[in-house]
Amino acid sequence: MTRYVLTVPYTFERNGQTETRFRRVGAIFENARRETGEVFLSVKLDFPVAVTELVGFPPRPEDDPASDEVTQS
């Protein structure tokens, strides 16, 4: 099953330069219907989000659910 980390981009100024960071807000999972095998995506939010843009990335190794380690951004 494919999984992506769902993020919200935000920009800020540091030392006179504009930078963009991405804050995790949830995950996107690829699923398949049992009857037909049709693939679809499920979006699971960590909390209610009131934004106009969400960005999905493949998980980093430290975000791997198979790992016992828990990291926090």
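All values below come from the heavy atoms of this structure, side chains included, with hydrogens, waters and symmetry mates left out.
Shown here for Lys44 and Phe29, the closest heavy-atom pair between the two residues is CG-CE1, 3.8 Å. Residues Ala32 and Gly37 share a closest heavy-atom pair of CB-O, 4.0 Å.
Hydrophobic side-chain contacts under 4.5 Å tie Tyr10 into a cluster, directly or through other members, with Phe12.
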Verify side chain to side chain contact (heavy atoms under 4.5 Å, CB included) between Leu41 and Val43, making sure each step is shown before the conclusion. CA-CA 7 Å; Leu41 300 175; Val43 176; 5.6 Å; no
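Every residue two or more places apart in sequence or in another chain that forms a side chain to side chain contact (heavy atoms under 4.5 Å, CB included) with Glu38 is listed here: Arg33, Thr36.
Each of Leu6, Val5, Thr7 was evaluated against Val25; a single residue qualifies, Leu6, per the side-chain contact (heavy atoms from CB on, under 4.5 Å) test.
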Can I get a per-line list of side-chain donor-acceptor pairs under 3.5 Å for residues 14-22, giving both atom names and the distance, sequence neighbours left out?
residue : atom : partner : partner atom : Å
Arg14   : NE   : Glu19   : OE2          : 3.3
Arg14   : NH2  : Glu19   : OE1          : 3.1
Thr18   : OG1  : Glu13   : OE2          : 2.8
Glu19   : OE1  : Arg21   : NH1          : 3.3
Glu19   : OE1  : Arg21   : NH2          : 3.1

